Amino acid sequence: MRISYVLTTIFLLCTVRAADIVCPATPPYPPCCVSSEFWSGGWIYISSVAMITIILLLSVVYMLSKIFVKHEWEIWIKDEAYQILISIVLIITLVIVLSAICNVFTTLAGNDPFLIAHNYLNSLIWDKTLNMATNTFQYSVLCQLLAAFRTQIGPVALGVGFNQNAGLRAVAVCFDFIYALTAGISASLMVQDIGLSIIQAFAFRIMLPIGIIFRIFPFFRKAGGFLIALSLGLYIVYPLCFVMNKMVVDSIVSGISLPALETYAEPFLLAVISPFMPIALIGLYTIMNQLAFLLPQALFLPTLNLVITLTFIKNAARVLSQNFAEAY
Amino acid sequence: MTAAELFQSVWSNWQAVAIAAAVLSILFTSIAYSLATVFKLKSLQLWVKDELYQALASAFIAGAAVIIITAISNFSCSLTGGCAAGQDHMDVAITIMDTMKENVITQVQYMFDLSMRVGMITEMGKYYDFSVGNVACLVGLCSTATGFSWYYWAGGSMILDSLDYAFGLLIPVISSFIAQLYVLQLIKTALFPSLLAMGIILRTFFFTRKVGGLLMAIALALYTIYPLMYIMLQPYFTFTPHDFYYPENDVSATIMCGGSFVPHGDADHPFCIGIPGTLTYIIPGLPTSAANTGEATFMFKNGCRNNGDCLGGSTCENINGQKMCHGPPGSDYGSDVYAGMLSPYNGVLPTVGYLLVPGVFLPLLIILVTISFIKVLSPQLGGDIEITGLTRFI
Amino acid sequence: MMLSMWWTEPWSMTPVSVQGVWNVWQPVALVAVVTAFLIVALAYMIGVSFNLAGLRKWAKVEFYQALASAILVAFLVLMMDTMLNEGFQTMIGSINPYKKAYAYLDGVMDSLYPIYTSVYKANFIAEFIKSIGIYSNGMGLDYAPFELFTSPIVEYLHFEAHIVTVAAIITSTQRALLHLFYNAGFTVFIPAGVLLRIFPWTRGAGGLLIAIGMGLAIVYPTMFTFVAMMSENSSEVKNKATELGNSIGGFDMTKFGACACDFQSASDVATTKVLSPQLRNSSAWLLGWLSGIWLKIFYYPMLVLLVTFTFIRTISPLLGADITEIGQGLVHLL
Amino acid sequence: MNILRKALLCMVLLALLLSGCVVNSDGTMAVSPACSSGTVSSGFQTMWESWQGIAFLAGSTVFIISILAYTLGYALMHRKVIMWAKEQMQEACLSMVIVLFVIGLVSFLCSLDLRTLGMEVSCICTDPAEVYPACTTGTSCNFVNVGYGMLMEMYKNIMGGFLTVTAIQSLLSALSTTTYGYAPGGVGFVVSPLGALGDIATSLRDGMIVLMTSAILTLTQMILLKMTESLFVILFPIGIILRSFGASRGFGGGLIAIALGLFLFYPLMVVLFYGSVLGSIQADYSSMTTSLQGQGLDASNSNWFGGLLWPVAGFIGKAMVGAIFIPILMFMVLIAFIKGLSTALGEEVDASNLTRLI
Amino acid sequence: MPIVVSWAEWQAITLAVVSLMFSLVSLAYMIGTGFHLPKLQGWAKDELYQALASLLLAVLLITFISTIDTTMTTIYGKDPFDIARDYVNTVTAGLGTFFTGFVAYDVYFQLFKSAVLKAMPSQTGFDINPLIGLAPLTAMLSLSIEATLGAMALLFGMSAFISFIQYQLSIILPIGMVLRAFPFSRAAGGALIAVFLGFYVFYPFFWVFDSYIYSDVTAAMYAFPLANTATTALGIGSECIQCPMCCVANVPDLSGNMFLSIIMNLTYPVIYYIFILALLLPLFNVIMVLILINELAKIFGSEIDISGLSGLI
């Protein structure tokens, strides 16, 4: 007795939760809500209309098959009817499961995953990448100024002149190389940031409803399954990957300590040639360390995010677009 | 010694190896065949039958390689409109690139001469002392010297900068022509014969069949399509070098440049530097200039020739406000750049621009076509020869 | 035989002088179609006589390929004619796109030429004045009186000359490319492509060549026609250039050949002519025009080349060669 | 009736999942690397306790449902359902078995001492302050630390080489700018005799850029190595849980493959590949420095090319191959491993179309 | 303290690993038959075939490699790796001589270019930098120096990579074998074995092919007719016949031609060395090996279907 009692309460709890999956009429929309307005009539209304039309169509075909005694049509109708049922079940479970999954992961991430991802990416772009780029640029200009400093002993016609710090020009070239690299890194991070906001705007509000409607029509079933999988993958898995990135980066920042420059440099050699060289090289060394921290976050982790999201989409598309014929 | 003959010589000592390899793989497949029949293994039997045919095909290719190659070389020769005796289309391509390289280097030489002449006087400064010269000045420790100094042709530095930029593009273009020539010679002497030989041999063993097919496809593509594209685009690989003149007839220049004493015998030569002019510049009091101060037209036009492209040339027509100076083909308007392209502009900068097309764009286009030829050809040779019917027939 | 093409410039009003192309094209087309059908017949005959099913099947497939080649050949010139002559007529009015493009590029060169010479003339005198120096060992003085205000002008003119240098090189390269596409498009690439389409082994390369021929011959010139419509005429540029050239006129350089007799006129030129608003305005206007030209002769053509290559990449599988990977790699390269 | 019953059961499953979702109090997952000071890190242990509960729960729920489905199928003589249920049961048991071994596997990997495998390797002291040979509190020589130590050695060598090349380059460019005037009495020459050294300096400048890039890439790999530990801690548990459910089995399998590939195979490759390359780069660096001392930096010495530039070019070449070319080879093999593993465990992790993307 | 994973005797390790796998699987097979566990027995039988395939593969590989080494040592006296290294070292030495040649010329040209002649006896007169026009030549020399040093560094890297393959990469064969034994990591194991075979066997082969091209062709490349630039440089060219005065009096043209022809004689062979020997051929080798690895990985990675040979057991 007790079990059935518990089961019913939980069942009610789920249906109640299901209601808040649909976004309220006016923004700000809570995270993870499926848009209520989809063009004009709202996608729930449209999918029900679509369902009714298909049922009408099937009944007409069924009547025809009876008149012309076409046995194979009957089987086709039976199969289509079953598929529609599966679609309905799928949509209902989807609606319920969606809110559950969203809540689980939001609690897991501590906040709306999109918000965390945006903050993480913005802090990376504006705090780390761009001020590193400005430091690099300043160092480069300073080195070139120092390199042009010329000492002349005696008049030009009868004396000797040389630029003691001419070597700094090469260090300036190294700084320019890093500056070009940071430009590339900040570009890739910005693209991801913009991609996230696009996903946040369109994935659940447009792509998911279309996928659900396509899932109902017999011919677009596979496309519908794929669209639903795509919207789920992009809206849920992709931002979570960024949350994972943030956690990973926070966990390792403390653990890594790189040896100072002096441990492996022959300071006496460099100072002799030009007094400014050690200062420039220490600047270069610190910027290289910062760059080494940035590169994985701008290249390796985004690729990992894409691989995980694509794997999810591929798997979910396969699951969603199968027609469960065997269970029947 | 054409590439076909080179292949023949290489193939003469490799053919035995290829035939031996084919026989070996036939032996191997027949053993496997007997094994398969004894143990009645259907899948192995099928595989063996196919291997046998592949081995036979390899043997056929090994045997007929020389004949096929000579046939291809004759056909390509006919495509190029006939080759000289003892030469094939590869040599035609090599001569094209060789003459192109020679002409481009003479053109670079003319530009370099111009750079030397302009450089000579740009940094020529004049110092003129007004003070009462005392004896010490003679020894150079002249503490009382006061006077003026100026660099009359400092303006030449603008041309030096443009020439510097032009040479920055020319050096890679020259090396690209030389590199293309080397690649063609390398294909003819080494790449084609050895790659083809290696490909045929590797093709006989079943596990390296695909690589063998690919090597053969690369060899054939490099031997046929690559040179033929050069021959097909030959008009773009011909270039007539020309020298640079200074059209403004500055009277003072002719006098100071010593009358007809100007290189290449023309009165109008830019920045002509002669000994008399220089002396007059150094010795104070002589009111003349060592060289002329006219416009640097040679950077765009290489000077007038009879009724050709002097400013205000005759055969120009107006196309909605834009003056297009092109006579019908054959008219002497402007000089022929290459491939029938007439242009009034053939000075330093346009010439560099024109050389960029055969130096950079055309090689990339030719490589793109060759790679796609290889990509189509290699599965054909790579073992799953599509016309299985033919192999079964032999 | 096939390879000795006759290279021309676009005189006739219609983009494709159908007659000119056909007499180059017609022998190649015949050879291609005849050999294709010959091979198919031979293969089929062998297949039937030795009842080799595989060979017959292959022959049937090759028959369709040969038919495709025949159709391609027959209609190609017709298609070229309708698409180019009529097509251009509707798109850009009754002018030959190539003639328009040639005229545009020559117009740009016509403008760059006077700009360079006038900038050189203005700079020659300004730089000379800048180099005038007064030295006095007694007072340890080495002072260039005019350098302070002439050097910004000289740097400015040097920068302008550099942009003209780069623009001239790129324009002449575009001009040569345009000439290549006009001549090679129909008379080299398409005949060679059709010839190669016959044999199964070289079908891929043939398809690619036809695609390149059509792409370069059609897409590239139309770009220039649109660009040409948006450009000002070169005479206005020439007036500005001569205005700049004369802004420092009237200064007799020969006086300074021997001695600095007329130091007064040198300082007059330095203070009034070099700093004159006329010089500043005309050189500023020319720099504005140059940056506009820079867009039209560097970024647009680069864009169009990319569009042309994607066009080639899309239709080449249609014609038999799949170059998606290689093409993309090379596009990055370009 | 049958379908309604199934729908109800699905609801039950979901409800159970929600209620069982015990997450530590403040809701956020505190992530700490898998290994610390030679054994399983306490952070991972505590986190794994809570995740273990969930994994067991998920496995048992699937098990219960499949038993239910099995009986149903048996009752309705529906062969397909029975087969499906049997398969689900196998998967549930497998995932529960995996859960059991996780702690054992991680602790084995963290405490594995490579020196026992006959490799002379440089390890890390448990107390991060100390440098390896002089370790008081003990050493940890597992894959990750050894890999980190080797990369650190290589980084030091490359930076040493970089600084030496910078020194040579700056001396040469300084010398090339010297101008020497000899015009007594106003007549004579002003020359810069050592102009050619400037050209050599520019070619050394390209060497500097290559060495700097190699150093940055080595540093990046050190950081990647540390990241893989934390990635494993997140991806592996989620992968196991998702793998037990039928619908997300492929995705779970993919995650497990990625986690194992990064945490297990990547450090192994680093140790094997860099263990070998490091030796030759170190030998080359020491030979370069000795020949420099011998040659001295005066250009007059006749053997300036053999003594000075030949070893420098050799060092730059080896560093370039060691720090840039070999990691590409390593990642190629790593992707092949992950792909192979993921096809077996579940959904094939398709990284190939990604390479075309970049 | 050299840290070298010198598991040099990779052959022995591979055989040990494979036989270990073989015994494990046969143990499972025995248990399967002993305790009548049909499922375990079936599975063990499959695994047995795979272990047999691995064993066969290992033996085949080792014999294949040793035969290649012996044949190459008999023909060339060295194994492919040594031939490859010698070839790379000769090319690097060649580039070294070019480098010294360039630097020698550069010293003179920089000197000429920067020489400012002062002729102001009593602070009156002029100063001139006559040969500033040599700037393009020194730029060409500087570019050649940079390219030669870069090519030398690349070739040093290549020879280091070859010895890395010979001495250290062989470690991945035993690992590949181990991975091949387990069903779930069979594909990964196959990929490793393919990488080993591709790089250990075929990569040096392609280098031997390059050394053949180098020795066979380089002589032919040097016969470069430099007809006209040399003569005009020395003022005896065709132009001087038409206008003798021009040649004699025109100092800058004359000296210019002389310098240009010297440079051209030096840059021709270097472009052959840099472009073909240091860039084109190594790239060709790596691409061919990667294509081969792709093919071999398909063969080794998949379940090698030798169940047909079951008749033998």
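As the structure is a prediction and not an experimental result, all values here were calculated from the model. Here is the naming used below: chain letters follow the sequence lines, and residue numbers restart at 1 for every chain.
Without hydrogens or angle criteria, B:Tyr345 side chain to C:Ser172 main chain gives no donor-acceptor distance under 3.5 Å.
Residue contact with chain C, scored on non-hydrogen atoms closer than 4.5 Å, involves the side chain of B:Leu365 exclusively. Residue C:His158 touches chain B through both its backbone and its side chain, counting heavy-atom pairs closer than 4.5 Å. Only the side chain of C:Ile212 comes within less than 4.5 Å of a heavy atom in chain B; its backbone stays farther off. Interface residue C:Val119: backbone and side-chain heavy atoms are both found under 4.5 Å from chain B.
Atoms CG and CE, from C:Leu209 and B:Met229 in turn, are 5.5 Å apart once rounded to the nearest 0.5 Å. Rounded to the nearest 0.5 angstrom, B:Leu355 CG and C:Thr173 OG1 are separated by 9.5 Å. A distance of 8.5 Å separates CE of B:Met158 from CD of C:Glu160, quoted to the nearest 0.5 Å. Atom CD1 of C:Ile169 is separated from atom CG of B:Leu169 by 5.0 Å, given to the nearest 0.5 angstrom. The CG atom of B:Leu163 sits 9.0 Å away from the OG1 atom of C:Thr165 when rounded to the nearest 0.5 Å.
Between B:Tyr236 and C:Leu180, the shortest heavy-atom distance links the atoms OH-N, 2.6 Å. Heavy-atom minimum distance, C:Phe128 versus B:Trp150: CE1-CD1, 3.3 Å.
Side-chain contact between C:Glu127 and B:Ser157 is present, with at least one heavy-atom pair separated by less than 4.5 Å. Using a 4.5 Å heavy-atom threshold, the side chains of B:Leu349 and C:Val164 count as separate.
Of the residues considered (C:Ala176, C:Pro114, C:Ala126), C:Ala176 shows the highest number of contacts with chain B, using heavy-atom pairs under 4.5 Å. The candidate from B:Pro350, B:Ala221, B:Ala217 with the greatest count of non-hydrogen atom pairs under 4.5 Å with chain C is B:Pro350.
Taking the six-membered ring for Trp and the full ring otherwise, the centers of B:Phe300 and C:Tyr116 sit less than 6.0 Å from each other.
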